[in-house]
2 protein chains.
Amino acid sequence: MARQPARSVGGRRRASHSMESVLGEAVALLDEAGAPALTFRALAQRLGGGVASIYWYVANKDELLDLATDHVMGGVLADIEKLPPGEDAIDDRRAMALTLFDAVVRRPWLGAYFMRNTDVQSNSLRIYEMLGRQTLRLDLSARQRFHAVSAVIGVVVGSAVDMGQEPPQEILDGAVGRDEFLGRFAQAWRELAPDEFPFVHEIVDEFDGHDDVDQFRSALDLTLAGLRLQAGL
Amino acid sequence: MARQPARSVGGRRRASHSMESVLGEAVALLDEAGAPALTFRALAQRLGGGVASIYWYVANKDELLDLATDHVMGGVLADIEKLPPGEDAIDDRRAMALTLFDAVVRRPWLGAYFMRNTDVQSNSLRIYEMLGRQTLRLDLSARQRFHAVSAVIGVVVGSAVDMGQEPPQEILDGAVGRDEFLGRFAQAWRELAPDEFPFVHEIVDEFDGHDDVDQFRSALDLTLAGLRLQAGL
DNA sequence: CGGTACGATAGAACAACGTTCGATACGATG
DNA sequence: CATCGTATCGAACGTTGTTCTATCGTACCG
């Protein structure tokens with residue numbers, strides 16, 4: 001696997017890829033300009049080859065996305081495994097979830113594809129296992145354990161999807177910063193009728209300029225507090 | 001608005017639409033065959049008109065999705081407003097979230113578009129307001145209130161996305177039931193090495209044939225239990 | 001050494017999609 | 001009756017995922 005034949009010297013070069021390079025360039029494209037930037041033609045150009053060649057490595061675009069996702073999840077899994085085990089199972093889960101979320105925040109496109117197909121995404125399944133293994137240290141039923149992990153994944157994915165939606169593109173160009181983008185929304189909210197939207201007015205200042213990681217950590221801690229209660233700790 | 005001009009009798013009929021009918025047929029298309037089934041051409045055919053006519057009502061496909069989402073969210077909002085107010089603010093939030101989730105489970109495509117653009121999705125904003133208003137009855141800081149609502153929305157969206165991913169299509173055709181689909185995954189999990197995946201083996205029986213709503217309710221209750229703790233109840 | 005099988009690459013074509021353009025019909029207004 | 005804004009539509013454009021078919025290069029085998 002991953003054999004690298006010598007390129008022919010004369011005439012038109014024939015590109016020679018490898019699973020590693022295909023996935024690597026795919027991830028690079030996704031990182032640089034988001035999901036819509038990953039097209040077979042753009043990817044082929046980066047690889048210096050033809051469009052159809054990519055189909056030798058992946059069956060279709062869905063599989064490409066799944067494999068690219070799993071590719072970066074390999075790194076995340078390594079980070080999670082590096083985490084020092086502590087005394088408290090729930091604190092360990094918290095650290096894992098934060099590591100996972102950190103990766104998703106850095107790569108907003110991950111949110112949509114993560115955990116979609118554990119058949120192909122074997123690293124995602126391993127992360128699922130790592131998250132769940134901590135619950136074995138708690139006094140819970142199997143069903144409660146199952147739900148506990150689903151809940152944490154739900155919080156990660158939910159927050160990620162909420163935050164990962166592309167600002168119409170202007171923020172990616174750098175033409176307008178994230179703060180300004182948030183401020184615009186906040187301003188629109190401030191102009192709503194106060195008697196019709198008392199809650200929106202209550203929290204608009206918190207929304208304006210808020211930190212995504214703070215928001216996620218709060219949601220996660222609520223879930224973990226509930227779990228701690230359930231485990232009788 | 002929504003004027004209905006008479007159709008010409010002779011020659012080729014000219015279709016006459018309305019915002020209501022466009023959104024209605026769009027939702028019907030989404031319900032029947034999922035997000036990929038909603039194309040401008042399919043929609044035009046259902047409306048008995050031309051493709052370009054739709055662009056008189058919506059600027060582009062994103063706006064069509066947003067408006068279609070908000071269209072059904074109108075119904076959800078009505079359901080939520082019909083909910084009888086109880087004594088406990090958190091119980092009321094729970095009922096609202098369940099109503100919301102119920103709608104998303106019935107329409108899996110909702111998960112991906114819900115709450116994407118509160119500019120266009122005014123009903124979604126109103127649901128956000130309704131969910132948040134309950135927190136005003138609790139002893140919390142503005143930031144805590146903000147995070148409390150984000151957390152609940154995160155749980156809803158996270159669970160919805162997790163459950164909303166299309167089974168390769170065979171389940172939509174009805175060729176293979178949901179139980180069998182789950183069972184296939186469960187079987188693959190059972191064949192994993194038990195020492196490498198102890199947690200997966202622990203919960204595979206729970207996963208097999210599990211109920212989505214149960215799973216969501218558990219996640220929601222964990223979050224709400226945490227919130228109750230935070231509010232000092 | 002020549003032939004053959006197979007791993008790997010690639011150009012061209014296809015169907016489907018979102019979107020735009022220009023023309024055209026229709027009712028109301030003057 | 002002319003005019004204007006509303007509403008409609010067929011045809012075309014560019015881009016996308018995907019398939020077809022032909023080819024190259026290397027390893028193997030008689």
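Throughout, a chain's letter reflects where its sequence line sits, starting with A, and its residues are numbered from 1. Just so it is clear, the values below take in all heavy atoms, side chains as well, and ignore hydrogens, waters and symmetry mates.
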Worksheet entry | Nearest non-hydrogen partners of A/Val104 and A/Ala160, listed with the distance | CG1-CB, 3.2 Å
Practice prompt. Identify, with sequence neighbours excluded, every residue that meets salt bridge (Lys or Arg N to Asp or Glu O under 4.0 Å) alongside B/Asp208.
Written response: B/Arg190
Worksheet item: Is any side-chain N of the basic residue among B/Arg133 and A/Glu202 closer than 4.0 Å to the acidic one's carboxylate O?
Response: no
Practice prompt. Using only side-chain N and O atoms of A/Ser53, determine if any of them is under 4.0 Å from OP1 or OP2 of C/dA8.
Written response: no
Fill in: Inter-axis angle, terminal five-pair segments of the helix from C/dC1-D/dG30 to C/dG30-D/dC1 [nearest 10°]
30°
Worksheet item: Rounded to the nearest Å, what distance is computed from the OH atom of residue A/Tyr57 to the C1' atom of nucleotide C/dA10?
Response: 13 Å
Discussion item. I want to check one thing: is the phosphate of C/dG7, taken as OP1 and OP2, less than 4.0 Å away from some side-chain N or O of A/His17?
Written reply: no
Worksheet, complete the sentence: Rounded to whole Å, CH2 of A/Trp56 lies from C1' of D/dA22 at a distance of 18 Å
Practice prompt. Figure out the CD/P separation between A/Gln45 and C/dA10, and round it to whole Å.
Written response: 13 Å
Worksheet entry | Pair A/Arg106 + A/Asp31, salt bridge at N-O below 4.0 Å | no
Discussion item. In whole Å, I'd like the distance from the CG atom of A/Leu65 to the C1' atom of D/dT16.
Written reply: 14 Å
Response to the item:
What one should report as the nearest heavy-atom pair of A/Leu131 and A/Ala97 is CD2-N, 4.4 Å
Worksheet entry | Pair B/Arg178 + B/Asp212: basic N to acidic O under 4.0 Å | yes
Response to the item:
5' to 3', nucleotides 12-22 of chain C under a 4.0 Å protein heavy-atom cut-off (B base, S sugar-phosphate only, - none) gives -B---BBBBB-
Fill in: Polar contact flag, side-chain donor to acceptor under 3.5 angstrom, B/His210-B/Gln215
yes
Worksheet item: Below 4.0 angstrom, N of the basic side chain to O of the carboxylate: do A/Arg126 and B/Glu196 qualify?
Response: yes
